[in-house]
Amino acid sequence: MNAVTVTAIDPSRDLDTFLSVPVQVYHSLPYWVPPLRMERRAALTPGATPYLRRARMQWWIATQAGRPVGRISAQVDPVALARDPGIGHLGLLAATDRPGVVPALTGAAEEWLRGQGMSRVRGPLDLSLNQESGVLVDGFDTPPMLMMPHNPPALGPALEQAGYGKVMDLLAYRADPRRPIPEAVRRLLERPLPPGLKVRPARLGPAYDSEVRLMVDIFNDAWSGNWGFIPFDAEEVALLGRELRPLIEKRLVWFAEAKGHAVAFLVCLPNLNEAIVDLNGRLWPFGWAKLLWRLKGRGLRTARVPLMGVRKAMSMTLAGSMLPFHLIAALWPELLARKVQEVELSWVLETNKPMRALAEMLCGPPCKTYRLYEKALA
C-alpha cells in the first residue's frame, strides 16, 4: 500500500483545500450532510472569530497516492488551558477508514502539542466544546441534526487503536411532538408554577441583541460547573447572535422569569441540515432559492434544541427543577403548528443526571452517542 503523507498547511493560503477534504472522503457516507462552504469559510478564516484570534493552532492534510484521505487540527486555547492545565485539543477531524490514516494524522497533532508543552490531548473539538464535538459512535442510521457531527463507524475504533480512551460521552435524544406527552411528564406539568414564576417567548426585533446577552448570561451561570465548560465572552456573544439570527424563529426561544428576572431559557432551531442535504455545500447558482423555499415556504420537519439552562440558584429549588418541563411544554405547540415531526435535544453530558432524566422521560433512550477521547502525551 502507498504510504500516508501528512502535510502541515497554512489556512490563510490553503483554507479551501482543507475545507474540501471532508467532501472528498465522506461523499459516499450514508446520511452525511455536506456543510455549507460559505459558512465553513466564514467560521475558519484565520482571525475571523474570537477563538481563532486567541488560540494557537496547526492544521494538516493527509494524502495517499496523491489523493486527500484525511485532515486534522491541533489547538491550544488559553481559556480552556486555565481550566484544564496541560490539555491541548485536536479537532476538525475527517478521515477515511484506510489503515494508517488516523494514526498518521493524530501522530502529527500529538507531536505539535508536545512542542507546545501539553501533557494530554483531548478531542475531537471543532474547535471548542461550544461547537461540534466528539466522534459519533452510536446512531449511524439517521442523518445528523444542525451543528452535530457525522462520521464513519470506523473512526472511533481507529482512535482507540491509536491509543485514545474515552473521557466523556455526549448524548442526543429525539422526540416526536405529535405524540402525546408521556404520562409522567403530563402529571408534572399539571402542577402549577409558584406565584412569581412565568414562561414567556423571546422578544425579537429591537430587543434581539439584549435577549441573546440574557440567554448567554444564564448559560454561563447554569453550565459553569459542567465538565469541560468554556464560558462565552462578550465578543463571542455578539458573534453568536449574528450567527443564530437567520435561524431564530418567533416563539421557538423561551425564557422563564422569577419576579420579572430571567432564570431559565430554551432555544430551538430549525434543522438546517434538512434544507441543505442535497446542495453539496454550495448556494450558487440555485442553492439560495432551494434553501429559502425549504426554510420559509415548505418549512422543515425536523428541529434541534441545542441550548437550555437554569440559573444555579434556581436549579437547586423544586420550582427550578420544574422549569425545563414548562419550557418544553411551551415549545411543543409551536412545533406542532409548524408541522415539525422530530425534535432533537442535544447534546447532554452522560454525567448530567438531571438533564438525562428529563430527556429520557420525554424521549426515551438516547438516539445517538458522541464520544470525546483523551490520550497522555509521553
Side-chain angles (χ1 to χ4, degrees), residues 170-204 207 211-212 214-226 229 248-269 302-367:
L170 314 175
L171 307 176
Y173 297 84
R174 290 191 181 181
D176 184 344
R178 299 169 299 175
R179 294 182 177 176
I181 292 177
E183 180 65 20
V185 178
R186 189 184 62 78
R187 288 198 302 268
L188 289 171
L189 291 172
E190 287 175 350
R191 304 174 186 173
L193 285 172
L197 279 175
K198 70 173 186 177
V199 173
R200 67 161 177 87
R203 304 179 181 104
L204 303 184
E211 293 284 79
V212 170
L214 182 59
M215 175 186 73
V216 175
D217 182 62
I218 299 172
F219 174 84
N220 282 344
D221 177 71
W223 283 60
S224 59
N226 283 3
F229 170 72
I248 293 289
E249 291 191 14
K250 188 177 182 180
R251 302 183 70 84
L252 291 188
V253 179
W254 290 83
F255 286 93
E257 293 183 340
K259 297 180 180 179
H261 298 284
V263 294
F265 78 99
L266 173 151
V267 174
C268 183
L269 300 175
T302 54
R304 179 183 171 220
V305 175
L307 294 170
M308 183 189 297
V310 181
R311 289 194 188 275
K312 275 185 175 180
M314 177 59 68
S315 68
M316 302 297 181
T317 68
L318 177 60
S321 68
M322 293 295 300
L323 288 179
F325 292 100
H326 285 275
L327 290 168
I328 288 172
L331 172 67
W332 244 232
E334 304 300 330
L335 296 177
L336 289 172
R338 291 165 172 79
K339 299 182 180 179
V340 171
Q341 300 173 5
E342 191 172 45
V343 59
E344 180 174 288
L345 280 62
S346 61
W347 45 257
V348 179
L349 289 170
E350 65 173 331
T351 54
N352 189 341
K353 292 182 179 179
M355 188 55 67
R356 286 189 64 183
L358 180 154
E360 289 169 16
M361 287 178 69
L362 188 68
C363 309
C367 65

Considering all heavy atoms, the nearest [X]-[Y] contact:
X: Val267; Y: Pro306; result: O-CD, 3.1 Å
X: Leu327; Y: Ala256; result: CD2-N, 4.0 Å
X: Ala172; Y: Ser346; result: CB-CB, 3.6 Å

Is there a side-chain contact (heavy atoms from CB on, under 4.5 Å) between Thr302 and Glu342 once you walk through the steps? CA-CA 5 Å; Thr302 54; Glu342 191 172 45; 4.0 Å; yes

Is there a side-chain contact between [X] and [Y], using heavy atoms and a 4.5 Å cut-off?
X: Val343; Y: Val305; result: yes
X: Val310; Y: Val263; result: no
X: Met215; Y: Phe255; result: yes

Show me the side-chain donor-acceptor pairs of residues 183-195 shorter than 3.5 Å, one per line, residues at least two apart or across chains.
{"unit_1": "Glu183", "atom_1": "OE1", "unit_2": "Arg186", "atom_2": "NE", "d": "3.1"}
{"unit_1": "Glu183", "atom_1": "OE1", "unit_2": "Arg186", "atom_2": "NH2", "d": "3.0"}
{"unit_1": "Glu183", "atom_1": "OE2", "unit_2": "Arg186", "atom_2": "NH2", "d": "2.4"}
{"unit_1": "Arg186", "atom_1": "NH1", "unit_2": "Glu190", "atom_2": "OE2", "d": "2.1"}

Quick one: does Asn352's side chain have a donor or acceptor within less than 3.5 Å of a partner on Met355's backbone?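 Yes; at least one donor-acceptor contact below 3.5 Å.
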
Say you draw a straight line from [atom1] of [X] to [atom2] of [Y]; how long is it, rounded to the nearest 0.5 Å?
X: Ile218; Y: Leu266; atom1: CD1; atom2: CG; value: 11.0 Å
X: Leu331; Y: Leu252; atom1: CG; atom2: CG; value: 6.0 Å
X: Leu345; Y: Cys268; atom1: CG; atom2: SG; value: 8.5 Å
X: Ile181; Y: Ile328; atom1: CD1; atom2: CD1; value: 9.0 Å

For Trp254, all residues meeting ring pair (Phe, Tyr, Trp, His ring centres under 6.0 Å), sequence neighbours excluded: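 With sequence neighbours excluded, Trp254 shows a ring pair (Phe, Tyr, Trp, His ring centres under 6.0 Å) to no residue whatsoever.
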
Please name all residues satisfying ring pair (Phe, Tyr, Trp, His ring centres under 6.0 Å) with Trp223, sequence neighbours left out, ordered by chain then number.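 Testing Trp223 for ring pair (Phe, Tyr, Trp, His ring centres under 6.0 Å), a comparison that skips the adjacent residues, returns Phe219, Trp347.
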
Who pairs with Arg200 by salt bridge (Lys or Arg N to Asp or Glu O under 4.0 Å), at least two apart in sequence or on another chain?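 With sequence neighbours excluded, Arg200 shows a salt bridge (Lys or Arg N to Asp or Glu O under 4.0 Å) to Glu211, Glu257, given in chain and number order.
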
Partner set under salt bridge (Lys or Arg N to Asp or Glu O under 4.0 Å) for Lys250, not counting sequence neighbours: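 Partners of Lys250 under the salt bridge (Lys or Arg N to Asp or Glu O under 4.0 Å) test: none.
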
Would you be so kind as to tabulate the donor-acceptor pairs closer than 3.5 Å made by side chains of residues 357-367, with sequence neighbours excluded?
{"unit_1": "Glu360", "atom_1": "OE2", "unit_2": "Tyr173", "atom_2": "OH", "d": "2.7"}
{"unit_1": "Glu360", "atom_1": "OE2", "unit_2": "Arg356", "atom_2": "NE", "d": "3.4"}
{"unit_1": "Glu360", "atom_1": "OE2", "unit_2": "Arg356", "atom_2": "NH2", "d": "3.4"}

Which residues satisfy the side chain to side chain donor-acceptor pair (under 3.5 Å) test with Asp217, sequence neighbours excluded?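 For Asp217 the side chain to side chain donor-acceptor pair (under 3.5 Å) partners, ignoring immediate neighbours, are Arg311.
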
For Asn220, enumerate each residue passing the side chain to side chain donor-acceptor pair (under 3.5 Å) test, keeping only those at least two apart in sequence or located in another chain.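 Side chain to side chain donor-acceptor pair (under 3.5 Å) check on Asn220 returns nothing, list empty.
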
Let me see the working for Val253 and Phe265 under side-chain contact (heavy atoms from CB on, under 4.5 Å), right down to the final yes or no. CA-CA 7 Å; Val253 179; Phe265 78 99; 5.7 Å; no

Quick one: salt bridge (Lys or Arg N to Asp or Glu O under 4.0 Å) pairs with a partner in residues 319-340, sequence neighbours left out?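 For residues 319-340, and leaving out neighbouring residues, the salt bridge (Lys or Arg N to Asp or Glu O under 4.0 Å) pairs sorted by first residue read Glu249-Arg338, Arg251-Glu334, Glu334-Arg338.
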
Pairwise ring pair (Phe, Tyr, Trp, His ring centres under 6.0 Å) hits with a residue in residues 319-340, at least two apart: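 Passing the test, one end in residues 319-340: no pairs.
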
Scan the side chains in residues 315-324 for donor-acceptor partners under 3.5 Å anywhere in the protein, sequence neighbours excluded, and list what turns up.
{"unit_1": "Ser315", "atom_1": "OG", "unit_2": "Lys312", "atom_2": "O", "d": "2.8"}
{"unit_1": "Thr317", "atom_1": "OG1", "unit_2": "Met314", "atom_2": "O", "d": "2.7"}
{"unit_1": "Thr317", "atom_1": "OG1", "unit_2": "Gly320", "atom_2": "N", "d": "2.9"}
{"unit_1": "Ser321", "atom_1": "OG", "unit_2": "Leu318", "atom_2": "O", "d": "2.6"}

